[in-house]
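In what follows, every chain begins at residue 1, and chains take the letters A, B, ... in the order their sequences are listed.
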Number of protein chains: 2
Amino acid sequence: MKSGISIRDVAKEAGVGVGTVSRVLNDGSVNELTRSKVIQAMKKLNYEPNFHARMLSIKKTNRVLIIVPEFKTEFHWRILKSFDNILDESNYESVLYPLISEKRLTKLKEDKSLINESDAVIMCTLSLSKTFGLTPRLKKPLILMENRHKNFDSVYVDNFYGGQLAAKMLLENNCHDFFAIQTKETLNLMVSGVMDERLEGFFNLLQEEKISITEDNIVFSDLLIGPSTQKIAQILKKFRKPGIFALTDTFALIVLQVAASLGKIPGKDFFLVGFDNQSWTNQYGLSTIGQPIEEMGARTAELALAKISNPAMSVQHIKLMPVAIKRSSA
Amino acid sequence: MKSGISIRDVAKEAGVGVGTVSRVLNDGSVNELTRSKVIQAMKKLNYEPNFHARMLSIKKTNRVLIIVPEFKTEFHWRILKSFDNILDESNYESVLYPLISEKRLTKLKEDKSLINESDAVIMCTLSLSKTFGLTPRLKKPLILMENRHKNFDSVYVDNFYGGQLAAKMLLENNCHDFFAIQTKETLNLMVSGVMDERLEGFFNLLQEEKISITEDNIVFSDLLIGPSTQKIAQILKKFRKPGIFALTDTFALIVLQVAASLGKIPGKDFFLVGFDNQSWTNQYGLSTIGQPIEEMGARTAELALAKISNPAMSVQHIKLMPVAIKRSSA
DNA sequence: CTGAAAGCGCTTACAG
DNA sequence: CTGAAAGCGCTTACAG
């Protein structure tokens, strides 16, 4: 079945062989005059190369698949952008594969769908075992983001250290009472443990200062109003200069909102450290722990590219360190 | 360049012709015995069809590309899910193309990238003119979601009517003072005007009741704390039973949070109607305007499928009506 | 029901 | 630098 304009039509129009047209398409060595004739012909005929035909003979997709959960924050978008950016420089394209249904997961496992058409695959923020099972066998490089497995390359942030940094910032403000705002991690396929690591780091550093805090000092927030909001309000009213570690900037935002309604001023009436360095935090003076998000995306992209050109490369685990970003709230 | 196992290897292993293998792959009529032999062979050799080869001869991708902005709420995920679901039933796959950079937009316009490999394309929530320009010429069906253009099919919600519904709910609570919480629409490539339509509908119905409200009664919220939060607090304190229309459930959430900190009870001390019927709203008793999100996704998928099988089909504009969802807040 | 063959649109040694 | 030809892995009339 014939369809549009092919390389053959262009060749005829330009009075050259198809090989030559292919060469101008692929930056092969072609006489400048010939090249311009071919380009003319392509324009005239409105030629567009057929991707599938190319893939069929070349056996390389110049794509990398990035599997993501159903995310809702800017975190993933920022990773995606920096990732896509690096890939683009090497003429690669990133293709998003959101795991939005069981069916999609099944397709992925069965190697149907897009996965077949990429040179490498990234799992971003998803648990390997919960998705692919414990020992997936892929024919192409697999890179884990925010997750670790001895057999696969990974890029991740040291969340424990991040928690320590948060404690340190709060201690510097001479806080006496410490609180953490945490979430119940029930997100199906996502990597879990990240929040716990942050909390452990937080506790760890406080303990070094002989400060121990009880379960009562942990507020579980489900991102909404209700009991957690009230508990935050209580803390703000009851304690003098409490130190609060919000395990996510999003939780910190709730604290700020409650505080605003109560007329309490951050950095004065209470101290607050978030986590993520979301883009709005600067404007609102929120001290927070910054993850090197753009760097994660970039390093992952570089790693993918490296693995593609040399699949035999040894497994790498790239650990990135978060940084304390001091602003007015702590 | 040869790579893995091909249909030819399978044919040899099974002792049949390649045509026969192809037929079992495509559910053509094959003798049951022959079929099972072929399937055996495929299993034994661990055969996997080459998508590109198939596309090359079939000239159909069984994919539809869905172009989306950098979204952050469940709205798009829900659309995506129902969309993908319907598509899947017809053996189609949805491919996400987020417009996260200028480069990506350029690629799209130049027909590079994934767009070349889909049978139809959907623009979800994006402005046609701001992305493709006023008169895009595509070789495949294009369907607009939450946007309209006389030359292209579209599926959208009647936001004006939604605003009217919100006003009606508030009026039923005998409110005297009316407020709206709105956002400044500055999102680059997205469809704009949606919020304005809601607001117009809201005003329209109030006017019919001889109620007019001034600019002062509109709070501009940028999703965060600060002046807007304080203004909401003021409203809650100053007015007796104010009626508040939050143009998005997300804004309604802020109102609820401020109210919680102030000890004000929704449905008693003030009345509140949101928009979207986000999944958390039920639990928190927020009255809201529900958009038929799943239906939008489904109808769009159906439309895409119809257009693919009959490109000559006349242009359709499918308008869906929002519905008032009464709960305890109004 | 089934095999042999042509064709889909590209790339890439090969020979010139 | 360039043309003719073979090959990538599939599908699909065609003839049997």
Which heavy atom of A:Asp153 sits nearest a heavy atom of A:Leu303, and at what distance?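 Shortest heavy-atom separation between A:Asp153 and A:Leu303 comes out as CB-CD2, 3.8 Å.
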Which nucleotide, [options], lies nearest any side-chain atom of [X]?
X	options	result
A:Thr34	D:dT2, D:dT11, C:dT2	D:dT2
B:Arg54	C:dC1, C:dG9, D:dC10	D:dC10
A:Ser6	C:dC10, D:dT2, D:dG9	C:dC10

Would you mind reading off the distance between [X] atom [atom1] and [N] atom [atom2], rounded to a whole angstrom?
X	N	atom1	atom2	value
A:Asn31	D:dG3	CG	P	11 Å
A:Arg8	D:dA5	CZ	C1'	11 Å
A:Leu56	C:dC10	CG	P	12 Å
B:Glu32	C:dT2	CD	C1'	15 Å
B:Lys59	D:dT11	NZ	C1'	11 Å
A:Asn50	C:dG7	CG	P	18 Å
A:Lys37	D:dC1	NZ	C1'	12 Å
A:Ile5	C:dG9	CD1	C1'	13 Å

Answer yes or no for A:Arg63 and A:Tyr92: cation-pi contact, defined as NZ/CZ to six-membered ring centre under 6.0 Å and angle to ring axis within 45°.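 No, A:Arg63 does not sit over the ring of A:Tyr92.
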Any side-chain heavy-atom pair from B:Leu96 and A:Pro98 closer than 4.5 angstrom?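 A side-chain contact under 4.5 Å exists here.
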Range-with-range stems of DNA chain C (Watson-Crick or G-U pairs under 3.5 Å, three or more in a row):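 Ordered by first number, the stems with DNA chain C (at least 3 consecutive pairs each) read C:1-3 with D:14-16, C:5-12 with D:5-12, C:14-16 with D:1-3.
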Which residues in residues 11-26 of chain B have at least one heavy atom lying under 4.0 Å from any atom of DNA chain D?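 Only B:Gly19, B:Ser22, B:Arg23, B:Asn26 qualify.
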Salt bridge present between B:Asp119 and B:Lys307 (N-O < 4.0 angstrom):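 Result for this pair is no, no salt bridge flagged.
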By the salt bridge (Lys or Arg N to Asp or Glu O under 4.0 Å) test, which pairs, at least two apart or in different chains, include something from residues 10-22 of chain A?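 Salt bridge (Lys or Arg N to Asp or Glu O under 4.0 Å) check on residues 10-22 of chain A returns A:Glu13-A:Lys44.
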Can you list everything that forms a side-chain hydrogen bond (donor to acceptor under 3.5 Å, both in side chains) with A:Asp84? Sequence neighbours excluded, please.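 Only A:Ser94, B:Arg104 meet the side-chain hydrogen bond (donor to acceptor under 3.5 Å, both in side chains) criterion with A:Asp84.
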State which residues pass side-chain hydrogen bond (donor to acceptor under 3.5 Å, both in side chains) with A:Asn31; sequence neighbours excluded, sorted by chain then number.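 Testing A:Asn31 for side-chain hydrogen bond (donor to acceptor under 3.5 Å, both in side chains), a comparison that skips the adjacent residues, returns none.
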Quote, to the nearest angstrom, the C1' distance that separates D:dT12 from D:dG16.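 Between the two C1' atoms, the distance is 16 Å.
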Is there a side-chain polar atom (N or O) of B:Ser57 under 4.0 Å from OP1 or OP2 of D:dT12?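 Indeed not, no polar side-chain atom of B:Ser57 lies that close.
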Atom CD of A:Glu102: over 12 foreign heavy atoms under 6.0 Å: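 No, not enclosed.
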Got a sec, which pairs hit side-chain hydrogen bond (donor to acceptor under 3.5 Å, both in side chains) with one end in residues 65-76 of chain B, sequence neighbours left out?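 Every pair satisfying side-chain hydrogen bond (donor to acceptor under 3.5 Å, both in side chains) with a residue in residues 65-76 of chain B: A:Lys81-B:Glu70, B:Glu74-B:Arg78, B:Glu74-B:Ser279, B:His76-B:Thr125.
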